[in-house]
Amino acid sequence: MAMSEAKSLNFIEEIIEADLQSGKHASIVTRFPPEPNGYLHIGHASSICLNFGLTQTFPGYTNLRFDDTNPSTEDTEYVESIKEDVRWLGFEWKNERYASDYFDQLYDFALQLIQKGFAYVDDSTPEEIAALKGTPTTPGTDSHYRHRTVQENLDLFTRMRNGEFPDGARTLRARIDMQHINMLMRDPILYRIKHAHHHRTGNKWCIYPMYDFAHGQSDAIEQVTHSICTMEFVPHRELYDWLINTLSLYPSRQYEFARRNINYTVTSKRKLLQLVQERKVSGWDDPRMPTISGLRRRGYTPKSIRAFCERIGIAKRDNLVDVGLLEFCVREDLNQIALRRMVVFDPVKLVLTDYTGVEWLQTENNPEDPSAGTREIPFSNTLYIERDDFMEQPPKKYFRLAPGQLVRLKSAYIVRCDEVIKDDQGVVQEIRCSHLPNSKSGADTSGVHVKGTLHWVSVAHALPVEVRLYDRLFSVEDPTDETADFMQYLNSQSLTTVPTAYAEPSLASATAQDRFQFIRKGYFVTDRDSTTQQLIFNRTVGLKDTWAKG
RNA sequence: UGACCCAUGGUGUAACGGUAGCACUACAGAUUUUGGUUCUGUCUGUUAAGGUUCGAAUCCUUAUGGGUCAACCA
């Protein structure tokens, strides 16, 4: 037996291992750099697990850095939710930083660039700048303002900072090469004028750096060794390196991986925001949302999300991960920890004609975990079972209740269906059964053969609860495939509410975020809207069902 | 009609010139007081064509396919 099969490394881990072995770095610094303009989603979880996970396996630490260079879209509300989500996922950052912490230094870098002749103030309008930019296949053209003197640029940039010009009147641009094959190198804009209130710096600034002039420099200031981002930033790397070299900063390196896409959902902040704003969901934490807060409210565990991120891995190719894997990961975790309870969603009455009184029967809280203990559940002659657990004319492979057939009531007795009572419409009103007195749970029933076991609830003791059943938000695998507006693919069945389900009485004490397995129904979590008067449960995920999918 | 990135079963990901493996899914069976769990087994893969090599998923060339780049967003 091998001592330990070395877990294969992803390409970023390989790079780090090589850097550590070659002595390039003694330890590493990574960062998770969200923009506080939206809530974190499952795609971010992948990045969080990567960046923080790296410094758990290798020596070093990870910073949380907010990329807050655009005050018009950013807000502290998002800062708080992001911090909560990262912690909830189980990670702790070394330093909490903001790009806005570096505004003074960034301004100074800009001055240096101007002095070296590598930046200039441009008075062109956005339209003019776009027109002169060229296209991916045609070179750009120099701006009229490209050759201003250092003095003039210094003067104008200072006045930009001092608020002498209105929004959009001028920009500071790097002077690189308008003919460059990489469009990002065609004199990229470094600073723009925005008379906007910033969530941290208030009204101190009216010019704000662009992403490219803030991100790499922030990495360098923090001495980030491995700056990991997604593939769409590949063309930015050339500019990232150019700025670091030109300003002689700490040589942080950027590495890119492919963002993870998951089928039947969207993970774009713009699209998620649209769902929220157009009230297609109840909010950022609607249990159908792929946001971390939505998954949390849905009942997902941090552990299951980490396991998912671990399984889907990190690579550079385009991908569309099956949401079924996420569901597998949460079932895997919940199976170990969720307490079992019995709840009937769509009841039909089952009456035992040969039983009287009430018995409190003992049953296990979790067959996977004996330490979860046992509880007592009340049994009587009038019960609810699921309507679809009975069929008058069952197909051959039906294991449930049918006329003349035997079935086990979970943790109670084996019963036989003797009679069916229907109304004028032929709808079953009541199923009359007799029980096998010697078949009480735990007794030796080796002589009796029962095919199925049903969950049930005693009518007199039943607790009415609300249950919310969720399904995928979109009806197609890739709602962003662009053959139509993604909103057209919304799944109208994504939420089904069962206003009155009947639960065993022990559920009365359930409080927010308690997780359960409702036997044979799925995994559920107490919703945060739940009260002792009105218990509400969200279905996290159903049980794997090899029968239903026929 | 340019540059850059990418290409391994249905999905995701390994194999670092030497037996194409793992997980999920699907299917079949065993066990089961949850049609759950657990266990066993099966199916399915290197985009194509050349080249280098004793040997190529891996290196080279070309083709094909997918993605990215023309925000004062990040």
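Below, chains carry the letters A, B, ... as their sequence lines are ordered, and counting in each starts from 1.
- Separating the C1' atom of B/U64 from that of B/A20 is a span of 24 Å, rounded to the nearest Å.
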Using a cut-off of under 3.5 Å, enumerate the N/O to N/O pairs linking the protein to nucleotides 4-7 of chain B.
none

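- Each of A/F213, A/W242, A/Y211 was checked for a ring-ring contact (aromatic ring centres under 6.0 Å, His included) with A/H236, and the lone residue meeting it is A/Y211.
- Closest contact between the side chain of A/A315 and the listed nucleotides B/U13, B/G12, B/A3 involves B/U13.
- Atom CG of A/D388 and atom P of B/G35 are 12 Å apart (whole Å).
- Taking atom P in both B/U52 and B/A57, one finds a spacing of 16 Å when rounded to whole Å.
- Considering only the side chain of A/P136, B/C69 comes nearest among B/U34, B/A74, B/C69.
- Within 3.5 Å, no donor on the side chain of A/R311 pairs with an acceptor on the base of B/U13, nor the reverse.
- One C1' atom belongs to B/U37, the other to B/A15, and the distance between them is 32 Å to the nearest Å.
- The base of B/U33 sits within donor-acceptor range of the side chain of A/S441, with an N or O pair under 3.5 Å.
- Between A/F486 and A/F474, the ring planes are tilted. Angles from 30° to 60° get that label.
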Taking only N/O atoms, report every protein-nucleotides 71-73 of chain B pair under 3.5 Å with atom names and distance.
residue: B/C72; atom: N3; partner: A/G168; partner atom: O; Å: 3.2
residue: B/C72; atom: N4; partner: A/S124; partner atom: O; Å: 3.1
residue: B/C72; atom: N4; partner: A/G168; partner atom: O; Å: 2.8
residue: B/C73; atom: OP2; partner: A/R192; partner atom: NE; Å: 3.0
residue: B/C73; atom: OP2; partner: A/R192; partner atom: NH2; Å: 2.7
residue: B/C73; atom: O3'; partner: A/R192; partner atom: NH2; Å: 3.2
residue: B/C73; atom: O2'; partner: A/N70; partner atom: ND2; Å: 3.2

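- With RNA chain B read from its 5' end, the first of the two nearest nucleotides for A/G313 and A/E332 is the one closest to A/G313.
- No donor-acceptor contact under 3.5 Å links the side chain of A/R520 to the base of B/U34.
- When the nucleotides B/G36, B/A74, B/G35 are ranked by their closest atom to the side chain of A/L543, B/G36 comes out on top.
- On a pure distance criterion of 3.5 Å, a polar donor-acceptor pair joins the side chain of A/R400 and the base of B/G35.
- A gap of 32 Å separates the C1' atoms of B/U25 and B/G18, to the nearest Å.
- When Watson-Crick and G-U wobble pairs are counted only if both distances are under 3.5 Å, B/C69 pairs with B/G2.
- A/E376 contributes no side-chain N or O that, together with a main-chain N or O of A/L361, makes up a donor-acceptor pair within less than 3.5 Å.
- Distance from the side chain of A/H236 is smallest to B/A74 among B/U13, B/A74, B/U33.
- One can find a donor-acceptor pair under 3.5 Å joining the base of B/G36 and the side-chain atoms of A/E368.
- The same atom, C1', is picked in B/U58 and in B/G17; the two are 7 Å apart, to the nearest Å.
- With rounding to whole Å, A/Y78 atom OH is found 16 Å from B/A74 atom P.
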